[in-house]
Structures are given as C-alpha cells and as structure tokens.
Amino acid sequence: MKELSIYNSQSRNKEKFEPIHKDFVGLYVCGPTVYNYAHLGNCRTFVTFDIVYRYLLHLGYKVRYVRNITDVGHITTEFDDGVDRIGAQAKIEQVEPMEIVQKYTLYFHEMLSHFNTLPPSIEPTATGHISEQIRMIETILNNGFAYEVDGSVYFDVQRYKNVHPYGEMSGRNVDELIENTRELDGQEEKRFFADFALWKKASPEHIMRWPSPWGEGFPGWHLECSAMSTKYLGETFDIHGGGMDLKFPHHESEIAQNTACCGHKPVNVWMHGNMLTVNGQKMSKSLGNSFLPHELFAGEHPLLDQGYSPMVVRFFMLQAHYRSTLDFSNEALKAAEKGYHRLMEAIAKIDKCSPGETNEFNFVAFKSNCYEAMNDDFNTPILVAHLFEVVKVINSCFDKKMSLTQSTLSDLKTFIHELVHNVLGLKEESNESANDSTDHLMQLIIQLRQKAKENKDYHTSDLIRDELKKLAIQLNDSKDGTTWTYEK
RNA sequence: GGUCCUGUGGCCGAGCGGCUAGGCAGAGCUCUGCAAAAGCUUGUACAGCGGUUCGAAUCCGCUCGGGACCUCCA
C-alpha cells in the first residue's frame with residue numbers, strides 16, 4: 001500500500017504523512033460556536049474531517065480526535081461595540097446563555113449523527129477549560145509576548161514577530177496589513193492594530209464571566225483551541241483542521257499563542273476544508289443563503305423543490321474534493337441522489353451474484369486504485385469514480401454478462417463494505433421500512449394484478465399500478481416477477 | 001486596494017505536460033401487453049489571446065469572468 005500524503009496549508013504542498021509517534025495520530029478540529037443552528041456549510045467541514053478520521057482509523061492508526069465546542073460568549077469584535085453572540089441570542093430567546101449553549105450543542109450533535117459522522121474522542125468545551133486558558137495567558141505574559149491593559153490581556157504581535165514569523169500560513173505580511181486595514185474605533189487599548197485579546201474584561205452586562213488574575217472577564221476566541229489542543233494532544237501534535245475561513249486570524253493566532261507559550265510550533269500538518277457555496281457564494285448566515293440541515297432533509301426551503309436524505313447529502317459532499325468549493329443546488333443534489341441509490345443498490349446486489357468459473361475482474365488493481373485515490377490527500381471524488389466502475393462490474397456479473405469467481409466476489413464484498421461504510425461513512429437508509437403486514441398486503445395486490453394481466457385485463461392491472469404510484473409505491477416488473485419499493 | 005484561489009461538455013465535479021475521470025441529464029438498446037423501474041452502450045469540454053514544448057485543459061504571460069480572506073465565520 002502506498003503512503004498517505006496530505007496537503008499542508010503551512011507549506012502549500014502535499015507532504016507524506018508521518019505521525020510523531022508511530023501508529024498514533026493526534027487530530028484537532030475547530031468545532032462550532034454554539035449560539036445558533038449549525039448550517040450545511042458548517043456540516044461540510046465536519047464531514048470532511050470525519051473522512052480524515054475514518055481513513056486514518058482504517059489505515060490502522062490509533063487516533064485521538066479532539067473537537068471543541070466554543071461556548072464562551074465571545075464578542076464579535078474586540079472593540080467596545082462588540083456583541084456577545086451567545087448573550088445576544090439568550091436575550092432574543094429569553095433564556096440563560098448556557099441554555100443557548102445546550103440547545104445548539106444538542107442540535108449540532110443531532111445533525112452530525114444524521115450525517116453519520118463518528119463522535120470525536122474528546123469534545124472539550126471552552127467554559128470547561130477556563131483555568132487552562134488562564135494558565136496559558138500567564139505563561140505568555142511571563143514570556144513577554146502579552147501585556148495587560150485595564151483588566152484585559154492582549155497578545156503582543158510586534159514583540160512576537162521580531163522573534164517568530166507571524167502570518168506565514170495565511171500569507172499575511174503584518175506590515176503590509178497595516179495599510180490595508182480599515183480604521184476601526186475602540187482599539188486604543190491595543191499597542192498595535194494586529195494584537196488580539198487573550199483575556200477580555202467583562203462589561204457589567206456580560207453574563208458569561210470568570211474570575212482571573214486580571215479581574216472578571218472571559219478568554220479570547222483563539223485561546224481555547226491552543227489551551228485544549230495542548231492539554232489533550234500535547235505541545236506538538238499531528239493534524240489540525242478547520243474551515244478555510246479560520247485560517248486567518250484564528251489559526252494564525254493559535255500558532256502564535258502556542259509558540260509564545262511553548263517556544264515551538266504546535267502542529268505538523270494544517271488542513272483546511274473549503275467552503276460550501278450557493279450560486280457561487282459562500283454559504284453564511286449573514287448573507288442569508290444558508291440552509292439548515294433539517295430544512296434540507298424536509299425540503300422546507302424556498303430554493304428546494306424536494307427534501308434530500310442525510311446520506312444523499314453526505315454522498316454529494318464526497319463527490320467533490322474537500323479543498324474545492326462545492327456549489328449547492330437542487331440539480332446537483334438530484335444528481336447525487338440518483339447516483340447514491342445506484343451505488344447502494346449495486347452493493348446490495350453483490351450477494352445475489354452467482355460466481356463463475358473464470359475471473360474477468362482485476363480486483364487487485366481496483367483495490368490499489370482506491371488506495372491511491374485516498375492516499376492522495378483524501379481524494380474521495382476519485383474513489384467514488386472507481387466505485388462506479390465497480391457498479392458496472394457488479395451489474396454485469398448479476399446479469400451474467402461477466403464472470404467473477406467466488407473468491408473475487410467475496411473479496412470485493414468485504415472491501416467495498418469497508419470502503420463505503422467504514423471509510424466513506426455511507427449507510428443504507430431504511431426508507432420507511434415496510435412492516436410484514438404491509439408486505440403481505442402488497443404481495444396480495446401484486447398477485448391480483450398478475451391475475452388481471454394473465455386475463456389480459458390491462459385496464460385493471462394498469463389501474464393498480466397507477467393508483468399505487470399515487471401512493472408513492474413503485475412496482476418493478478421483471479422476468480422473475482414483480483417487486484415493489486417506496487419511491488425515492 | 002492587498003494576499004490567495006478559481007474558470008472543464010446541458011448541470012455537478014475529478015484530472016493539472018502525452019493515455020478514459022465519474023455522477024446526473026440527453027440519445028440508442030435490452031426487458032415489457034403498454035409503460036415505469038432497472039441494466040447496458042454512447043456523443044458533446046477544457047474562458048479568450050499569446051508564449052514555452054516534439055506535444056498543454058495541465059507550465060508561463062496578458063485579458064476577461066467568479067470567489068475567499070484582510071480581526072463574525074466551518
């Protein structure tokens with residue numbers, strides 16, 4: 001098996017993946033801020049890293065996957081007019097901030113479980129790690145890379161960049177940034193425009209607050225990831241992931257904090273998933289073009305003319321590479337839906353294929369192609385393309401137009417199952433699974449229709465077929481008789 | 001304005017120096033009382049203009065279009 005290579009945002013190149021400790025991988029992914037419903041774009045990122053997690057597991061690594069929940073009421077800007085998102089939502093819904101956190105954390109978990117993502121090994125919350133964050137700030141202060149002003153602590157970017165590079169990963173040149181940054185009010189506390197808050201003094205109305213050496217306040221946004229990744233994965237770990245939009249300033253600041261604290265870089269490989277777009281534009285709440293998962297499943301959205309199941313949406317996402325933007329549209333989803341069902345039906349057919357004497361399918365080559373795809377920076381679209389090649393093989397074998405031996409069929413079955421279910425995380429959807437009595441009823445109806453057909457009473461047989469169609473029941477006539485399914 | 005990404009057939013979307021992506025739709029065929037469903041087969045492409053090269057969708061330059069980030073963001 002060839003080696004896994006991963007595109008590292010830091011070097012802007014694909015690099016051979018070598019874990020720090022043989023057989024073990026530390027993976028950290030930036031989780032959501034739970035102040036509102038997670039939308040589909042957010043979900044894409046978590047599906048992306050679910051694939052990373054699953055494939056690493058498949059390769060035999062022991063993976064510790066840490067994904068945080070941001071539940072501190074960070075303000076939207078570090079300035080006086082900033083709004084605490086969680087606090088603001090609490091006011092709207094007239095509940096406690098922690099009720100907001102709970103509500104949207106539950107929603108997030110529920111949606112991700114619909115998408116069949118594996119839960120992380122550890123899902124730490126920012127509010128649960130205040131003391132770790134305070135300790136980290138103290139260290140950074142002691143190391144001379146931060147300063148306190150009136151109960152707030154800021155990271156000293158200028159001091160830092162004299163010693164370490166800042167902005168390397170996101171391609172920022174801080175000195176050039178100065179000229180291009182728009183003027184903003186309320187940053188008089190900072191020594192330098194690019195400094196960011198490690199600790200923020202809480203205004204009287206700010207409910208989420210904790211005591212600290214600098215007074216009552218709350219930690220800065222970037223800090224929790226630094227503190228929690230260090231706590232659970234160590235000062236240097238293998239992979240850090242997140243959405244492309246977190247590259248700057250969030251991840252750049254994380255790197256700076258960790259380096260200021262520990263003296264060395266925290267992460268070997270930085271991975272960034274690209275955005276989900278709608279009509280070519282990033283899906284985001286502020287643009288009003290976001291879809292919520294439950295709206296998508298139910299088809300309850302002005303831009304949708306039907307609902308799409310979670311597995312169809314997951315499959316849709318896997319048909320694009322994680323570093324490319326993916327455009328969301330009815331047409332694209334419909335195409336994915338058809339393709340997904342074709343794939344899953346072919347897989348279910350493997351068992352029904354009768355083995356032949358000769359073998360006309362090169363399983364070894366197929367297997368190696370699949371690994372080659374995944375090893376090339378998790379190229380799921382290529383993998384899916386290979387799977388569709390096998391769909392044809394399975395169908396041809398089923399129709400006895402192609403011969404596969406028993407051992408090839410059995411190898412194929414095992415391998416496909418592993419790829420599709422365990423690596424891609426796709427599963428069969430029990431679409432309104434029929435109970436026994438429904439099936440008996442249907443068998444009866446099918447028999448009656450068969451009788452009618454034998455009597456050349458096509459009026460009756462067509463009536464049965466058409467009326468069932470109205471109930472979304474599809475009759476499938478074939479040489480071997482008639483079967484029925486609920487329409488997809 | 002700065003930095004970076006991107007422009008592939010009707011739609012989505014891989015590939016990124018020579019060799020088929022793949023899915024959906026379309027067309028043809030098989031099956032069928034007729035259909036549907038399903039399966040098989042199959043056409044159409046690399047924004048434009050230059051350049052490098054034996055050879056470019058793939059590298060370089062320019063032009064035009066789209067997008068992301070530049071202290072809310074997955």
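Numbers restart at 1 for each chain; the letters A, B, ... are given by sequence-line order, proteins then strands.
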Using the ring of each side chain (for Trp, its six-membered ring), is A:Phe49 parallel, tilted or perpendicular to A:Tyr322, with breaks at 30° and 60°? tilted
Once the angle between the rings of A:Tyr107 and A:Tyr37 is folded into 0 to 90°, is it parallel (under 30°), tilted (30 to 60°) or perpendicular (over 60°)? perpendicular
For the side chain of A:Lys453, counting heavy atoms from C-beta on, which of B:G33, B:C69, B:A14 is nearest?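 Out of B:G33, B:C69, B:A14, the nucleotide with an atom closest to A:Lys453's side chain is B:G33.
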Are A:Leu471 and A:Lys469 close enough that some pair of their side-chain heavy atoms sits under 4.5 Å apart?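 Answer no - side chains too far apart.
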[N] to [M] separation - [atom1] atoms, rounded to the nearest Å:
N     : M     : atom1 : result
B:A74 : B:C19 : C1'   : 38 Å
B:C11 : B:G7  : C1'   : 16 Å
B:G10 : B:G43 : C1'   : 13 Å
B:U6  : B:A57 : C1'   : 14 Å
B:A45 : B:U8  : C1'   : 6 Å
B:G2  : B:U42 : C1'   : 49 Å
B:C69 : B:A37 : P     : 42 Å
B:A14 : B:C46 : C1'   : 12 Å

Kindly state whether the pair A:Tyr458 / B:G33 counts as stacked, where counting means centroids closer than 5.5 Å and planes tilted less than 30° apart. yes
Any strand counts, and the cut-off is 3.5 Å on both contacts for Watson-Crick or G-U wobble. Which nucleotide pairs with B:U53? none
Just to be sure I understand the rule, does [X] reach a base, reach only the sugar-phosphate, or reach nothing, if contact means heavy atoms closer than 4.0 Å?
X        : answer
A:Leu387 : nothing
A:Gly273 : nothing
A:Met244 : nothing
A:Leu475 : base

Residues forming a salt bridge (Lys or Arg N to Asp or Glu O under 4.0 Å) with A:Arg85, sequence neighbours excluded: none
Taking only residues at least two apart or on different chains, which pairs with a member in residues 304-322 of chain A satisfy salt bridge (charged side-chain N to carboxylate O under 4.0 Å, His left out)?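 Applying salt bridge (charged side-chain N to carboxylate O under 4.0 Å, His left out) to every pair that reaches into residues 304-322 of chain A, excluding sequence neighbours, yields A:Asp50-A:Arg314, A:Asp305-A:Lys334.
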Looking only at heavy atoms, what is the nearest atom pair of A:Leu468 and A:Leu475, with distance?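 Smallest interatomic distance, heavy atoms only, reads CD1-CD1, 3.8 Å.
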Check whether any side-chain nitrogen or oxygen of A:Asn42 sits under 4.0 Å from OP1 or OP2 of B:A74, and answer yes or no. yes
Tell me, for nucleotides 17-30 of chain B in 5' to 3' order, what letter each nucleotide earns: B for a base near a protein heavy atom under 4.0 Å, S for only sugar-phosphate near one, - for neither? ----BSBSS-----
Is a donor-acceptor pair below 3.5 Å formed from side chain A:Asp477 to base B:A35, judging by atom type as modelled? yes
